[in-house]
**Q** 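Here it is, the structure in full.
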Amino acid sequence: PVLSGLHFTLFAAVHCGMHFGRACFQHSCAISSFPLLTFRTLPSMSTLHPFPALRPPRELAARGSSLPYDVMNHREAEEMAARVSSLPYDVMNHREAEEMASGNDASFLHICRSDIDTSEAAIHAPETYAKARENLERFVREGYLFRDERPSFYIYRQIMWGRVQTGIVGCASVDEYASGAIKKHELTRREKELDRIEHFDACSAQTEPVFLAYRKHEGLSAIIREWIKFHKPEYDFTTEDGVTHILWPVSEPGTVEDIRKSFEEVDALYIADGHHRTASSAAVSARRRQRHPDYTGQEEFNYLMAVVFCDEDLFIMDYNRVIRDLNGLTEEEFMKKLRTSFDINPVDTIPGEGYAPRAKHEFGMYLNGRWYSATAKPGTFPAGHPIESLDCAILQANVLAPILGIDDPRTSDRIDFVGGIRGLGELERRCSGEMALAFSLYPVTMADLFRVADAGEIMPPKSTWFEPKLRSGLFIHTIEQ
């Protein structure tokens, strides 16, 4: 019954990636060569589906341990979860992944970054994806991962710098993503999609979750509060980056049903982070539907694993820019051009701490060892436009393109992007070396993201930096046995 309603037909590349909606037509792929696939859409509601996760067992204390389960204490089990879990696959390069996993056969990087067990040259080769599958099977065989007996939701809490965000782990509908009911705000790169398509397909599992958000729902907040109040967590550990991760499995049928029904009252889910993983999960679903033309829609490959957070919990950091040169201009010429669109004032700062804008439409600028406040003048941007009023768009339209000649920041080698987690001192450090100029930006808000996604628009590149990152390896969704 949940699959009733209109059919949504789209073009998808089953063997070379998949793109949906407006973003599909902005790629250079030969769309006309894609096979025609059909996805079903639902009425205005959100689906979150419980699943029996593969996850680190609380009973297992050490790699390859032969001790019986009942001699293991809870703290030892939490240590095992900490040993298995890892940072997401895409926040590190090959060398960094090797170093992080060094000496730890239980590190989830052996699955999500299996190139550490093949070679950097073979990072996208079939043998690397086969190695991921082999390592996943080894983790299950050796007891690093086990499967829950019943379909469950999982309450996942993260604590960073005293801030708490609490989400629900479950599986969203591929059909809702394909129809646009799960809203996106970012374009995807085909090569990144292809990598996760091959990885998920080889593993027959979604090894890392998508990061989704929803507008606050009091019923869901109450369910989370009550479960946490009366149940002990399965895991509670702090990782090397200072982030605490706490997980409560929810398998009690009544509460599972309450969560499922509450999400049906949520009008829309939004991709906060993980657009490539979402698109890749949908592409693998399309492959499996082609292999199983008699599918019912209830198979696990019709869903994609996600952690879904209330918008009020989420923390978006600044995403800053460093530029290699002044496009042939002297400092005086550059400042003269800049003053046509910005009010510029020097500011005093402590070395290494930088200058953070105090409000939207103000920028910090670092040039020749000095910080300035640069505020966009009225009339230099359309205040009511969901995209063009964003600070990253204002900077692009008034500085990067017309003054510095950076027309496409996605492809230019004269600009780089620095996430706020690295601190403003990183901008000063970069400008003491190969870069000449830096801009610090006021962070985008969740309201900005929702407004863009609701309008069916795409945010400029490198607009949002979410912290903390979701931990990989605490839950895996197998899509077919």
Side-chain angles (χ1 to χ4, degrees), residues 1-6 8 39-53 148 150-158 165-185 206 209-229 231 247-275 277-278 281-282 285 296-314 446 449-450 453-454 466 470 474-475 477 479:
V2 298
L3 293 172
S4 62
L6 299 175
F8 178 81
F39 284 82
R40 301 177 175 101
T41 63
L42 302 175
S44 180
M45 56 179 254
S46 297
T47 299
L48 202 68
H49 167 77
F51 71 106
D148 279 322
R150 292 192 289 185
S152 305
F153 291 115
Y154 304 84
I155 296 173
Y156 179 34
R157 170 167 287 179
Q158 296 175 290
Q165 63 183 38
T166 307
I168 296 177
V169 184
C171 290
S173 165
V174 166
D175 290 308
E176 289 173 19
Y177 170 69
S179 71
I182 296 176
K183 300 185 180 184
K184 49 190 172 288
H185 66 267
Q206 293 148 3
V210 176
F211 184 166
L212 300 182
Y214 62 95
R215 289 185 174 89
K216 185 173 182 178
H217 183 282
E218 287 295 346
L220 286 167
S221 298
I223 291 169
I224 291 170
R225 281 195 306 270
E226 288 301 301
W227 191 268
I228 287 173
K229 182 178 179 181
H231 296 82
L247 190 77
W248 292 264
V250 181
S251 59
E252 192 275 316
T255 306
V256 167
E257 183 64 6
D258 288 344
I259 292 173
R260 190 190 66 77
K261 285 185 175 179
S262 294
F263 271 103
E264 289 183 352
E265 299 173 4
V266 173
D267 287 340
L269 300 176
Y270 297 78
I271 304 174
D273 199 9
H275 284 76
R277 290 190 290 276
T278 311
S281 295
S285 175
T296 67
Q298 298 304 306
E299 299 86 355
E300 291 299 320
F301 58 71
N302 296 289
Y303 299 93
L304 57 95
M305 182 174 64
V307 187
V308 194
F309 290 94
C310 169
D311 61 329
E312 294 183 1
D313 277 9
L314 297 179
M446 285 303 298
L449 188 154
F450 285 166
D454 285 339
F466 285 91
L470 303 179
L474 294 180
F475 27 79
H477 175 225
I479 60 173

**Q** Provide the closest heavy-atom pair for Ala268 versus Tyr214 in the form atom of the first, atom of the second, distance.
**A** O-CB, 4.1 Å
**Q** Flag the pair Ile182 / Leu212 as yes when at least one side-chain heavy-atom distance between them is below 4.5 Å, and no otherwise.
**A**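 Yes, at least one pair of side-chain atoms sits under 4.5 Å.
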**Q** In terms of the angle between their ring planes, are Tyr156 and Phe475 parallel, tilted or perpendicular, with boundaries placed at 30° and 60°?
**A**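 Tyr156 vs Phe475 ring planes: perpendicular.
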**Q** Is it the case that Ser46 and Glu264 place a side-chain donor and acceptor less than 3.5 Å from each other?
**A**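 Judged by distance alone, the side chains do not pair up.
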**Q** Taking all non-hydrogen atoms of both residues, which atom of Val256 and which atom of Phe153 are closest, and how far apart?
**A**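 Closest pair (atom of Val256, atom of Phe153, distance): O-CE1, 3.3 Å.
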**Q** Determine yes or no for a side-chain-to-main-chain donor-acceptor pair under 3.5 angstrom, with Ser285 supplying the side chain and Ser281 the backbone.
**A**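 Judged by distance alone, no pair lies under 3.5 Å.
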**Q** Do Cys171 and Leu48 make a side-chain contact, defined as non-hydrogen atoms from C-beta onward lying under 4.5 Å apart?
**A** no
**Q** Between atom NZ of Lys184 and atom NE2 of His275, what is the distance when rounded to the nearest 0.5 Å?
**A** 7.5 Å
**Q** According to ring-ring contact (aromatic ring centres under 6.0 Å, His included), who are the partners of Phe301, at least two apart in sequence or on a separate chain?
**A**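 Partners of Phe301 by the ring-ring contact (aromatic ring centres under 6.0 Å, His included) criterion, ordered by chain and then number, come out as His292.
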**Q** Test side-chain contact (heavy atoms from CB on, under 4.5 Å) on Leu220 and Val266 and set out the steps.
**A** CA-CA 10 Å; Leu220 286 167; Val266 173; 4.1 Å; yes
**Q** Could you walk me through whether Phe450 and Tyr270 pass ring pair (Phe, Tyr, Trp, His ring centres under 6.0 Å), step by step?
**A** CA-CA 7 Å; Phe450 285 166; Tyr270 297 78; 4.2 Å; yes
**Q** Apply side-chain hydrogen bond (donor to acceptor under 3.5 Å, both in side chains) to Ser221 and list each qualifying residue two or more places apart in sequence or on a separate chain.
**A**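 So Ser221 forms no side-chain hydrogen bond (donor to acceptor under 3.5 Å, both in side chains) with any residue.
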**Q** Would a 4.5 Å heavy-atom cut-off, applied to side chains only, mark Thr47 and Glu176 as touching?
**A**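 In short, these two side chains touch, coming nearer than 4.5 Å.
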**Q** Go through the structure and list residues passing side chain to side chain contact (heavy atoms under 4.5 Å, CB included) with Thr166, not counting sequence neighbours.
**A**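 By the side chain to side chain contact (heavy atoms under 4.5 Å, CB included) rule, Thr166 matches Ile155, Arg157, Val164, Ile224, Ile228, Asp313.
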**Q** Would you say the side-chain atoms of His49 pair up with the backbone N or O of Gly170, donor to acceptor, closer than 3.5 Å?
**A** no
**Q** Find out whether the Lys NZ or Arg CZ of Lys183 is both under 6.0 angstrom from the six-membered ring centre of Tyr177 and within 45° of the ring's axis.
**A** no
**Q** Please give me the minimum heavy-atom distance between Val210 and Leu470, naming the atom from each residue.
**A** O-CD1, 4.1 Å
**Q** Applying side-chain hydrogen bond (donor to acceptor under 3.5 Å, both in side chains), name anything that partners Glu299, two or more places apart in sequence or on another chain.
**A** Thr296, Asn302
**Q** Just verifying a value: how many Å separate Ile259 CD1 and Glu252 CD, rounded to the nearest 0.5 Å?
**A** 9.5 Å
**Q** So, using salt bridge (charged side-chain N to carboxylate O under 4.0 Å, His left out) as the criterion, who are the partners of Asp148 when residues are at least two apart?
**A** Arg55
**Q** Can you list everything that forms a ring-ring contact (aromatic ring centres under 6.0 Å, His included) with Phe211? Sequence neighbours excluded, please.
**A** Phe309, Phe466
**Q** Report the distance from atom OG of Ser262 to atom CD1 of Ile168, rounding to the nearest 0.5 Å.
**A**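 These two atoms lie 8.0 Å from each other.
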**Q** Could you pull out all residues at least two apart from His477 that satisfy side-chain hydrogen bond (donor to acceptor under 3.5 Å, both in side chains)?
**A**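 His477 satisfies side-chain hydrogen bond (donor to acceptor under 3.5 Å, both in side chains) with Gln206, Glu300 once adjacent residues are dropped.
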**Q** For the CD atom of Gln158 and the CG atom of Leu314, what is their distance to the nearest 0.5 Å?
**A**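 Spacing of CD (Gln158) from CG (Leu314) equals 9.5 Å.
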**Q** Who passes side-chain hydrogen bond (donor to acceptor under 3.5 Å, both in side chains) against Asp311, sequence neighbours left out?
**A** none
**Q** Please list, chain by chain and in numerical order, all residues satisfying salt bridge (charged side-chain N to carboxylate O under 4.0 Å, His left out) with Glu265, sequence neighbours excluded.
**A** none
**Q** Taking all non-hydrogen atoms of both residues into account, name the closest pair between Arg277 and Pro209 and its distance.
**A**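 Heavy atoms of Arg277 and Pro209 come nearest at NE-O, 3.0 Å.
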**Q** So, for Ala172 and Leu269, which heavy atoms are closest and what is the spacing to 0.1 Å?
**A** CB-CD1, 4.4 Å
**Q** With sequence neighbours left out, write down each residue that passes ring-ring contact (aromatic ring centres under 6.0 Å, His included) with His231, or none if nothing qualifies.
**A** Trp227
**Q** Can you name the salt bridge (charged side-chain N to carboxylate O under 4.0 Å, His left out) partners of Arg215, sequence neighbours left out?
**A**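 Arg215 satisfies salt bridge (charged side-chain N to carboxylate O under 4.0 Å, His left out) with Asp454 only.
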